[in-house]
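Start at 1 and go down the list; that is how both ligands and their atoms are numbered. These values consider heavy atoms only, across backbone and side chains, with no hydrogens, waters or symmetry-generated copies. Keep in mind that what you see is a predicted model, and the values were worked out from it rather than measured.
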Amino acid sequence: MSGPPAHKAEHIYWTERRVTAAQRADRNGHRGWVVWLTGQRGSGKSTSATALERELFQLGKQVCVLDGDNLRHGLCSDLAFSQADRKENIRRVGEVARLFAEAGMICITAFISPYRADRQLARAMAPAGKFIEVYLNAPLEICEQRDWKGLYAKARAGEIKDFTGISAPYEPPLQADLQLPTHQWGVEKCVAAILARVGQ
Ligand code: ADX
């Protein structure tokens with residue numbers, strides 16, 4: 001299946017808004033963006049996302065983070081890790097990120113988002129030209145070494161199924177807008193690299 005699911009409901013309409021993106025940008029001093037972080041578990045997505053959020057907040061920007069582990073406690077608590085569930089996870093996150101970006105915020109997402117097609121869908125949902133895909137490309141061995149919760153070890157022992165990098169695929173971006181070698185760069189350098197790409 002590709003693209004969002006068809007509407008189930010009939011007789012639904014669209015309400016036009018009365019605050020424009022330009023008016024929001026005037027007030028906030030910046031446009032809404034989706035900064036989409038992708039990479040294996042342990043590649044530094046949550047660390048980079050929260051550091052970037054802190055930095056943007058200090059700079060007076062409207063900013064929020066959607067984090068994979070966190071959303072799976074609520075909005076996505078009915079989803080596990082099959083390919084279909086991950087697709088639905090990313091579809092929901094893409095929709096929420098779009099809503100935040102349309103509301104004028106810089107929305108940083110931190111999800112493994114292992115499938116190219118799902119990330120492509122998230123890009124297509126975002127306001128045109130206001131989505132950057134940031135690939136945290138630390139090699140799997142390094143991600144495994146950093147995993148203080150021991151999930152990779154459990155996955156290798158067969159205790160967790162469909163585990164990304166072990167028993168489920170990770171499809172690296174072919175043309176990421178930005179690559180962060182988080183095994184070589186510290187978090188400040190990663191944040192600075194993203195800041196340089198997120199314009200007005
Ligand atoms: S995604 O693939 O659907 O984008 P998401 O980022 O929401 O994944 O969740 C990843 C987090 O779920 C990991 O950081 C880890 O803590 C947890 N997790 C539990 N089981 C798995 C699994 N089978 N594969 C990957 N992550 C898992």
Side-chain angles (χ1 to χ4, degrees), residues 1-5 34-53 63-101 106-126 131-180 182-183 187 190 194:
M1 198 178 85
S2 68
V34 177
V35 179
W36 191 278
L37 308 186
T38 177
Q40 312 244 22
R41 170 170 169 78
S43 59
K45 298 182 299 300
S46 299
T47 304
S48 300
T50 53
L52 178 63
E53 180 186 39
V63 59
C64 66
V65 169
L66 303 176
D67 181 89
D69 280 277
N70 291 6
L71 262 71
R72 283 175 175 279
H73 284 87
L75 178 66
C76 301
S77 59
D78 57 325
L79 302 175
F81 292 92
S82 66
Q83 184 169 356
D85 277 9
R86 290 183 201 245
K87 181 183 185 67
E88 175 58 11
N89 190 35
I90 298 312
R91 187 191 72 80
R92 288 182 201 176
V93 175
E95 289 283 1
V96 174
R98 173 172 72 92
L99 292 172
F100 276 120
I106 299 169
C107 182
I108 306 158
T109 69
F111 292 76
I112 297 176
S113 44
Y115 297 104
R116 275 184 208 117
D118 298 346
R119 297 193 300 265
Q120 191 51 46
L121 185 63
R123 181 189 290 273
M125 286 178 198
F131 179 103
I132 62 166
E133 184 179 45
V134 181
Y135 175 32
L136 285 69
N137 65 12
L140 182 62
E141 314 83 81
I142 306 278
C143 296
E144 280 198 70
Q145 285 164 21
R146 285 180 180 165
D147 185 14
W148 52 275
K149 285 189 189 141
L151 297 189
Y152 279 108
K154 284 190 179 153
R156 286 206 182 273
E159 291 167 30
I160 308 178
K161 64 172 190 156
D162 297 333
F163 200 86
T164 308
I166 308 297
S167 46
Y170 179 81
E171 298 175 355
L174 299 175
Q175 288 185 310
D177 298 298
L178 183 62
Q179 297 209 27
L180 302 179
T182 50
H183 51 302
V187 67
C190 293
I194 300 173

*Heavy-atom contacts under 4.0 Å between L151 and ligand 1: side chain, backbone, both, or neither?*
side chain
*Can you find a non-hydrogen atom of K45 under 4.0 Å from ligand 1?*
no
_Atoms of ligand 1 close to K161 [distance to a heavy atom under 4.0 angstrom, numbered from 1]_ = 23 (N)
*Counting heavy atoms only, which part of F111 comes closer than 4.0 Å to ligand 1: side chain, backbone, both or neither?*
both
*What residue and heavy atom of the protein are closest to atom 2 (O) of ligand 1, and at what distance?*
R86 NH1, 2.8 Å
*Can you tell me if S48 uses its side chain to pair, donor with acceptor, with the backbone of K45 under 3.5 Å?*
no
*For atom 12 (O) of ligand 1, grab the closest protein heavy atom and report residue, atom and distance to one decimal in Å.*
F81 CZ, 3.2 Å
*Does V134 offer a backbone N or O that forms a donor-acceptor pair with the side chain of D177 under 3.5 Å?*
no
*Around atom 23 (N) of ligand 1, find the nearest protein heavy atom and jot down its residue, atom name and distance.*
D162 O, 2.8 Å
*Identify the two heavy atoms, one from D85 and one from F81, that lie closest to each other, and give their separation to 0.1 Å.*
CB-N, 4.3 Å
*Check whether any side-chain N or O of R86 sits under 3.5 Å from a backbone N or O of Y115 as a donor-acceptor pair, and report yes or no.*
no
*Heavy atoms only: which of R72, K154, K87, R119 is nearest to atom 9 (O) of ligand 1?*
R72
*Relative to the heavy atoms of G68, which atoms of ligand 1 are at a distance of less than 4.0 Å?*
6 (O), 7 (O)
_Protein heavy-atom partner closest to atom 14 (O) of ligand 1 - residue, atom, separation in Å_ = D69 OD2, 2.8 Å
*Atom pair CD (Q40) and CD1 (I166), whose distance is rounded to the nearest 0.5 Å*: 8.0 Å
*Closest candidate by heavy atom, reference atom 6 (O) of ligand 1, pool T109, I166, I112*: I112
*Do the rings of Y152 and F163 sit parallel, tilted or perpendicular, given the 30° and 60° boundaries?*
perpendicular
*To the nearest 0.1 Å, how far is atom 22 (C) of ligand 1 from its closest protein heavy atom, and which atom is that?*
F163 CD1, 3.4 Å
*asked:* Has S113 got a side-chain atom pairing as donor or acceptor with R119's backbone, closer than 3.5 angstrom?
replied: no
*Pairwise distance CG(L151) to CD1(I160) - rounded to 0.5 angstrom*: 4.5 Å
*Please work out whether any backbone atom (N, CA, C, O) or any side-chain heavy atom from C-beta onward of N89 is under 4.0 Å from ligand 1, and answer side chain, backbone, both or neither.*
side chain
_Show me which atoms of ligand 1 lie under 4.0 Å from any heavy atom of S113._
1 (S), 2 (O), 4 (O)
*Is it the side chain, the backbone, both or neither of I90 that has a heavy atom closer than 4.0 Å to ligand 1?*
side chain
_Structural part of K149 in contact with ligand 1, heavy atom criterion under 4.0 angstrom_ = neither
*Quick one: OG1 on T182 to CG on L136, what's the gap to the nearest 0.5 Å?*
5.0 Å
*Side-chain donor or acceptor of R41 paired with backbone N/O of I112 under 3.5 Å*: no
